Amino acid sequence: MSDCIMKIIPKDPFYKVSDLTLQSAKSFLKTQIRCDFIEVESNETPVFVDCGENLESISCPECSTELNYEWWGEAMDKAAVCEFTSLKTEMPCCKRFISLNDLNYYFPCGFASLLISIFNPPTTY
């Protein structure tokens with residue numbers, strides 16, 4: 001049986017809190033949620049927080065065009081060169097400049113400088 005991991009990230013990929021605050025959040029969640037364990041992570045620059053094999057599609061938030069995975073991979077490679085300190089990219093569909101974080105990912109994904117992962121929480125409460 002595979003693990004179910006609920007990942008919590010802030011909307012702003014550059015948002016940071018102190019290690020003490022992050023550890024306090026972890027301690028609080030441990031008292032509120034039954035799960036196998038909880039991990040917290042803090043990074044200097046944003047990292048891509050994926051949804052694993054659940055990713056079905058990515059689309060433009062401006063014109064709703066479904067994006068090609070090859071284009072997305074190239075955009076990610078370009079952003080990785082500067083360690084994701086800039087997430088802006090020109091969309092192939094509408095030529096607008098959009099943050100990679102703001103793309104419509106189905107199943108949800110995003111960029112974050114901090115991450116809380118809850119392993120095997122109950123699926124219902």
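Values below: every heavy atom of this structure, side chains too, minus hydrogens, waters and symmetry copies. As the structure is a computational prediction, the values presented were derived from the model and not from experiment.
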Are V40 and L114 connected in the hydrophobic side-chain network, where two residues link if heavy atoms are under 4.5 Å apart? yes
Residues passing the side-chain hydrogen bond (donor to acceptor under 3.5 Å, both in side chains) test with E83, sequence neighbours excluded, are none
Residue set satisfying salt bridge (charged side-chain N to carboxylate O under 4.0 Å, His left out) with D36, at least two apart, ordered chain then number -> none
**Prompt:** With no hydrogens and no angle check, is any side-chain donor or acceptor of Y69 less than 3.5 Å from a backbone partner on S57?
**Reply:** yes
4.5 Å side-chain heavy-atom contact, L22 and I116: yes
Worksheet item: Is there a path of hydrophobic side-chain contacts, each under 4.5 Å between heavy atoms of I, L, V, M, F, W or Y residues, that connects M76 with L87?
Response: yes
- Task: Answer yes or no: does atom CE of M6 have more than 12 heavy-atom neighbours from other residues, nucleotides or ligands under 6.0 Å?
- Result: no
With a 4.5 Å limit on heavy-atom distance, are the side chains of W71 and I58 in contact? no
I98 side chain near E62 side chain, heavy-atom distance below 4.5 Å: yes
Would a hydrophobic clustering, with Ile, Leu, Val, Met, Phe, Trp and Tyr connected at side-chain separations under 4.5 Å, put F107 with L67? no
The ring-ring contact (aromatic ring centres under 6.0 Å, His included) partners of F37 (sequence neighbours excluded) come to F119
Sequence neighbours excluded, the answer for side-chain hydrogen bond (donor to acceptor under 3.5 Å, both in side chains) partners of Q23 is none
Here the gap from K30 atom NZ to K26 atom NZ, rounded to the nearest 0.5 Å, amounts to 4.5 Å
Notebook entry, point to check: Hey, does the side chain of D3 reach the backbone of I5 with a donor-acceptor pair shorter than 3.5 angstrom?
Noted result: no
Taken to the nearest 0.5 Å, the spacing of D12 CG from S99 OG works out to 9.5 Å
For T21, the side-chain hydrogen bond (donor to acceptor under 3.5 Å, both in side chains) test, sequence neighbours excluded, returns S18
To the nearest 0.5 Å, atom CG of N104 lies from atom SG of C109 at 11.5 Å
Margin query: Would you say I8 ends up clustered with V49 if hydrophobic residues are merged whenever their side chains have heavy atoms under 4.5 Å apart, either directly or through other cluster members?
Written below: no
Answer whether the closest heavy-atom distance between the side chains of K7 and D50 falls below 4.5 Å.
yes
In this structure, CZ of R34 is separated from CD1 of I118 (nearest 0.5 Å) by 13.0 Å
Interatomic distance, SG@C63 vs NZ@K95, rounded to 0.5 Å, equals 10.5 Å
| task | Using a 4.5 Å cut-off on heavy atoms from C-beta on, say whether the side chain of P46 contacts that of F14. | result | yes
One should read off an interatomic distance between D102 CG and L100 CG, to the nearest 0.5 angstrom, of 9.0 Å
Note to self: Would the distance check show the side chain of N120 and the main-chain N or O of C35 forming a donor-acceptor pair, the cut-off being under 3.5 Å?
What the structure shows: no
In short, V47 meets N43 closest at the heavy-atom pair CG2-ND2, 3.8 Å
| Under a 4.5 Å cut-off applied to non-hydrogen side-chain atoms, are C94 and T65 in contact? | no
Do V17 and L29 sit in one hydrophobic cluster, given that two such residues count as connected whenever their side-chain heavy atoms are within less than 4.5 Å of each other, even indirectly?
yes
The ring-ring contact (aromatic ring centres under 6.0 Å, His included) partners of F111 (sequence neighbours excluded) come to F48, F84
Is any side-chain heavy atom of L103 closer than 4.5 Å to one of M91? yes
